[in-house]
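Following: one structure in structure tokens, then a few remarks.
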Amino acid sequence: MTGDHQTPALLLFSGFVAVTLGITTWVSRRRQGSAEEFYAGGRLFSPIENGFAIAGDYMSAASFLGVTGLIALYGYDGMLYVVGFLVAWLVVLFLVAELVRNCGRFTLADVVAARMSERPVRIAAGTSSVTVSVLYLVAQMVGAGSLVALLLGRTGGAAQAWAVIGVGALMVIYVSLGGMRATTWIQIVKAVLLLSGTILLTVLVLVRFHGDVGRLLLTAADRSGHGRAFLAPGLKYGGSWTARLDFISLGLALVLGTGGLPHILSRFYTVPTARAARRSAVWAIGLIGGFYLMTIVLGFGAAAVVGTGVVRGSNAAGNTAVPLLARELGGGAGSTGGTVLFAVVAAVAFATILAVVAGITLASSASVAHDLYASLRRPRGTARSEVSVARWAAVGIGVVAIALGLLARDLNVAFLVGLAFAVAASANLPVLLYSLFWRGFTTRGAMWAVYGGLIPALGLVLVSPVVSGSPASLFPDVDFQYFPLQNPGIVSIPLGFLAGWIGTITSGEVADEATYAETEVRSLTGAGAV
């Protein structure tokens, strides 16, 4: 990158940071002492506002940078991420959105604890939620490091490290000062910017090939180095039975994981009614669906216009495919158009990262304060003390996310998100569905469902190729790889459901039929909902 490219990109990014800090400062002047205001923004957002905010939360750096990079590198197999991310919203729409809004207040644990012994269930669900959030945060940090390294034209680790630290500091400011209200408006602004930038690039790619999608795909295949195999299944996941099982595992994690993501579930509490929550999900599906269809065009466009070899040379994981594509569409490295378009895309991508990390940090700090702190403290703290703990928790989570982001900076961000989805599907989704739909579910079953999915998922990742045993691992010089798959979902998700079932049938506790009946009526009708 030259100085000509850096200056406009940095100016645009600085402008977004200034706007979002202005929103945060404005919101912080309002009363933020109540838990409802801090965690749920006072439940005052309309379905369309919340739909845009949900889309902003979901369309992360993994989608904009990672998925397009995987398509540019692996063609058809990279596109499979898009299918998983999109189909997952059907699970959310039909099984989660309205029911969660009716049964809970701020977090996943609220839904489960309504029928169970509150303290152990909140500790289990809170621990799982924080774990998932931190894994998701790491992916955003890695995306930030890759983007700034490209923006500044430096391949060394120092630029990436400072980018990760800067994003971490900003996310702590957003959450601790502005709470859910500021985070939601930042998400809305980011969603509009991201969709606008994606539409612009998609139109430019299609114009470049005169609207001929077939020509686009054939050119991408020719410049990929793989020929027609680029457009067929198997380039990444078809080499062996292990690779195929890895794909099935990833698909399960992506489709089932969204319904257990804490920062997505918390968004349904920011609207006044369950009907508004469902309409929010419908708006989100429309926005997210359009976005992911465009990422397919951008991924193949990067392969066709930039070339797979150039993308891999810039970043081995493919995280810089979209900025490189923007520069080429604008006229190339030395052109004014290339400079401006690269600057716009870089600023949008950074805005994406900042907005998503704010939402995830808020959800995880809410779990720390509302579930863990409130359960361990005796007597239970006040709402004001909970909010204070949540603010400090945001600082601690930011530090942990920064440290892990620095460690994992060479991994593909979409792949890292796949791990977060696997943990969410293994630990959070089983306990949520059992609580909503199983009359005989007990406290032991709830705890076993959470820990029975969480511990195997994390354990299998630790002994997988992600951590050791291959050149692309976190620790390539050591080998304690015993589990051959990169994504643990195919094993850990069934274990989570199985553990919840075994824990329930072996429990001496008798499920409270009256409480279940009350929960069922409340979840389906909204009677008694907060």
Side-chain angles (χ1 to χ4, degrees), residues 9 12-20 23 48-71 81-82 85-86 89 136 139-144 146-148 150-151 167 170-171 174 182-205 258 261 263-264 267 280 283-299 301-302 319-327 329-330 340-360 413-414 417:
L12 285 170
F13 172 62
S14 300
F16 177 81
V17 171
V19 170
T20 52
I23 292 173
I48 185 172
E49 290 170 343
N50 199 45
F52 268 89
I54 292 171
D57 242 337
Y58 198 68
M59 298 183 303
S60 64
S63 303
F64 192 54
L65 301 177
V67 171
T68 50
L70 285 173
I71 295 173
Y81 272 86
V82 172
F85 281 137
L86 187 53
W89 274 96
Y136 212 113
Q140 312 309 315
M141 297 298 189
V142 171
S146 298
L147 191 66
V148 166
L150 180 68
L151 181 63
V167 169
L170 284 169
M171 79 183 187
Y174 292 149
T183 300
T184 299
W185 281 112
I186 291 170
Q187 298 286 14
I188 293 170
V189 171
K190 166 256 174 145
V192 172
L193 290 175
L194 180 60
L195 287 169
S196 301
T198 308
I199 290 170
L200 174 62
L201 289 181
T202 302
V203 170
L204 290 176
V205 169
T258 301
L261 291 176
H263 66 290
I264 296 298
R267 293 239 58 92
S280 297
W283 271 101
I285 289 173
L287 296 169
I288 292 166
F291 170 76
Y292 278 118
L293 288 175
M294 290 186 287
T295 61
I296 296 174
V297 177
L298 298 186
N319 294 330
T320 56
V322 174
L324 291 174
L325 172 64
R327 187 172 63 184
L329 290 174
V340 172
L341 202 54
F342 178 93
V344 169
V345 170
V348 167
F350 232 106
T352 296
I353 293 167
L354 282 178
V356 172
V357 297
I360 301 168
V413 289
V417 166

Just wondering, do Leu325 and Phe342 contact through their side chains at under 4.5 Å, heavy atoms?
no
If every non-hydrogen atom of Leu341 is compared with every non-hydrogen atom of Ala326, which pair is closest and at what distance?
CD2-O, 3.2 Å
Let's go through Ile264 and Trp89 carefully: what are the C-alpha distance in whole Å and the side-chain angles of both, what is the deciding distance for side chain to side chain contact (heavy atoms under 4.5 Å, CB included) to 0.1 Å, and is it a yes or a no?
CA-CA 11 Å; Ile264 296 298; Trp89 274 96; 3.9 Å; yes
Hey, what do you get for CD1 (Ile186) to CG (Asp57), rounding to the nearest 0.5 Å?
11.0 Å
Between atom CZ of Phe52 and atom OG1 of Thr184, what is the distance when rounded to the nearest 0.5 Å?
14.0 Å
What's the separation between atom CD in Gln187 and atom NE2 in His263, rounded to the nearest 0.5 Å?
8.0 Å
For Asn50 and Arg267, indicate whether the former's side chain and the latter's backbone hold a donor-acceptor pair under 3.5 Å.
yes
What are the two closest non-hydrogen atoms of Ala284 and Ile54, and how far apart are they?
CB-CG2, 3.6 Å
Report yes if the side chains of Ile188 and Trp185 come closer than 4.5 Å at any heavy-atom pair, otherwise no.
yes
Find the distance between CD1 (Ile48) and CH2 (Trp283) and round it off to the nearest 0.5 Å.
3.5 Å
All heavy atoms of Phe64 vs all of Val322, minimum pair found to be O-CG2, 3.2 Å
In short, Thr68 meets Thr295 closest at the heavy-atom pair CG2-O, 3.6 Å
How long is the straight-line distance from CG of Leu261 back to CD1 of Ile360, given to the nearest 0.5 Å?
8.5 Å
Donor-acceptor under 3.5 Å (Lys190 side chain, Met59 main chain):
yes
Looking only at heavy atoms, what is the nearest atom pair of Tyr58 and Tyr136, with distance?
O-OH, 4.2 Å
Quick one: side chains of residues 192-204, donor-acceptor pairs under 3.5 Å with protein atoms, not counting sequence neighbours, listed by atom name and distance.
unit_1 : atom_1 : unit_2 : atom_2 : d
Ser196 : OG     : Val192 : O      : 2.7
Thr198 : OG1    : Leu194 : O      : 2.7
Thr202 : OG1    : Thr198 : O      : 2.8

